Amino acid sequence: MAAETRSGAKAAPKPGTKAARREKAKQLREEEHQRQLRTRRRVIALVAAAVIAVTAVLYFVFRQSEQSPAPGYDVGSPGIGQSAPGFTLASSAGDTQSLAAYKGKTVLLYFQEGLTCQPCWDQIKDLEKSAAQVKAAGIDQVLSVTTDQAGLVERKVADEKLTTPVLSDPDLKVSKEYNANKYGMMGDSRDGHSFILVGPDGKILWRADYGGAPKYTMYVTVDKLLADLKAGRQA
């Protein structure tokens, strides 16, 4: 054992002894441990900073999309005057919904990016809040389509307390028939922000693809949407 000084503190072991070597090894282990802790803290700090930066950028993009007047829109195919492709898809209500079931009514199809796009869900909320205006514009039913899995869609709709049916198109079969996946910021793997008005006879009355480059608009105020719809139908 190491000798003690008169004050009671342990004296340093003599150089070259086993005790000295053990003490040195202990010090090296402690230094290595502290070095690993410092490295770990730096990595955690860098990751946290990166997450904060990415979140800030996304928030800025989404807020700009929400607050800025939406730009013009593209008109994809099938377009005005063409027959709307039929479909039957799993619904957020736990059942299936088909376009054919709405024959005789005017339906607004809303193709959207899905779970990764909160402004897309805010769009549905605002359409629901403006139900009277939507009805006055001649729209009998709004149906939203996204490429997320049905179970995830059902949970999101419940969390957002929405009543609008949101349909699941995970293999993009319907989205590709409408070319709605050509107007988003995720390439062609997800839908963009497209509205297609289908008349009682199944013909397309109006179409607006807002989500295309370079703006990638993921939110349109209801007033602007309905104004664009009215102008588009009168053109």
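If you're wondering where the values come from, they're calculated on a predicted model, not measured in any experiment.
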Intermediate values then yes/no, side chain to side chain contact (heavy atoms under 4.5 Å, CB included), Val107 and Leu197: CA-CA 6 Å; Val107 179; Leu197 188 68; over 6 Å; no

Enter the distance from [X]:[atom1] to [Y]:[atom2] here, rounded to the nearest 0.5 Å.
{"X": "Ser91", "Y": "Leu143", "atom1": "OG", "atom2": "CG", "result": "8.0 Å"}
{"X": "Thr96", "Y": "Leu89", "atom1": "OG1", "atom2": "CG", "result": "9.0 Å"}
{"X": "Gln27", "Y": "Glu32", "atom1": "CD", "atom2": "CD", "result": "14.5 Å"}
{"X": "Lys105", "Y": "Leu99", "atom1": "NZ", "atom2": "CG", "result": "12.5 Å"}

Heavy-atom pair of closest approach, residues [X] and [Y]:
{"X": "Ser175", "Y": "Asn181", "value": "O-OD1, 3.7 Å"}
{"X": "Ser189", "Y": "Thr147", "value": "O-OG1, 4.1 Å"}
{"X": "Ile204", "Y": "Pro78", "value": "CD1-O, 3.5 Å"}
{"X": "Cys120", "Y": "Gln112", "value": "CB-OE1, 3.3 Å"}

Is [X] salt-bridged to [Y], going by a charged N under 4.0 Å from an acidic O?
{"X": "Arg35", "Y": "Glu31", "result": "no"}
{"X": "Arg207", "Y": "Asp209", "result": "yes"}
{"X": "Lys224", "Y": "Asp228", "result": "yes"}
{"X": "Lys26", "Y": "Glu30", "result": "no"}

Can you confirm whether the side chains of [X] and [Y] place a donor and an acceptor under 3.5 Å from each other?
{"X": "Gln149", "Y": "Ser168", "value": "no"}
{"X": "Glu154", "Y": "Ser92", "value": "no"}
{"X": "Gln97", "Y": "Thr88", "value": "no"}

Show every salt bridge (Lys or Arg N to Asp or Glu O under 4.0 Å) that has at least one partner inside residues 180-195, sequence neighbours left out.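 Listed by first then second residue: Asp148-Arg190.
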
Residue pair [X] / [Y], side-chain heavy-atom distance below 4.5 Å:
{"X": "Thr146", "Y": "Asp169", "answer": "no"}
{"X": "Val198", "Y": "Thr106", "answer": "no"}
{"X": "Gln141", "Y": "Leu108", "answer": "no"}
{"X": "Ile80", "Y": "Arg233", "answer": "no"}
{"X": "Ile124", "Y": "Glu160", "answer": "no"}
{"X": "Thr164", "Y": "Lys125", "answer": "no"}
{"X": "Glu113", "Y": "Thr116", "answer": "yes"}
{"X": "Leu229", "Y": "Phe195", "answer": "no"}

Can any side-chain N or O of [X] pair as donor or acceptor with the backbone N or O of [Y] at less than 3.5 Å?
{"X": "Trp206", "Y": "Ile196", "value": "no"}
{"X": "Tyr178", "Y": "Pro85", "value": "yes"}
{"X": "Gln82", "Y": "Gly79", "value": "yes"}
{"X": "Tyr110", "Y": "Val166", "value": "no"}
{"X": "Asp201", "Y": "Lys203", "value": "yes"}
{"X": "Thr217", "Y": "Tyr219", "value": "no"}

I'd like to know whether Thr221 forms a side chain to side chain contact (heavy atoms under 4.5 Å, CB included) with Leu225, so could you lay out the CA-CA distance, the side-chain angles of the two residues, the decisive distance to 0.1 Å, and finally the verdict. CA-CA 6 Å; Thr221 65; Leu225 175 66; over 6 Å; no

Do His193 and Phe111 have ring centres separated by under 6.0 Å?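 So the answer is no for these two rings.
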
Using the rule that Ile, Leu, Val, Met, Phe, Trp and Tyr join whenever any side-chain heavy atoms are under 4.5 Å apart, tell me whether [X] and [Y] fall into a single cluster.
{"X": "Val174", "Y": "Leu172", "value": "no"}
{"X": "Leu109", "Y": "Leu127", "value": "no"}
{"X": "Leu205", "Y": "Tyr102", "value": "no"}
{"X": "Val145", "Y": "Met185", "value": "no"}
{"X": "Leu162", "Y": "Val222", "value": "yes"}

Among residues two or more places apart or on two chains, list those pairs meeting ring-ring contact (aromatic ring centres under 6.0 Å, His included) that have a residue in residues 135-173.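 Output for this query is empty, none listed.
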
Show which residues join Tyr183 in its hydrophobic cluster (side-chain heavy-atom contacts under 4.5 Å, direct or indirect), or state none. none

Evaluate Glu128 against Thr163 for side chain to side chain contact (heavy atoms under 4.5 Å, CB included), listing each step before the verdict. CA-CA 8 Å; Glu128 291 186 359; Thr163 59; 3.3 Å; yes

Does the pair Gln118 and Met218 meet the rule for a side chain to side chain contact (heavy atoms under 4.5 Å, CB included), with working shown? CA-CA 9 Å; Gln118 184 57 40; Met218 292 294 124; over 6 Å; no

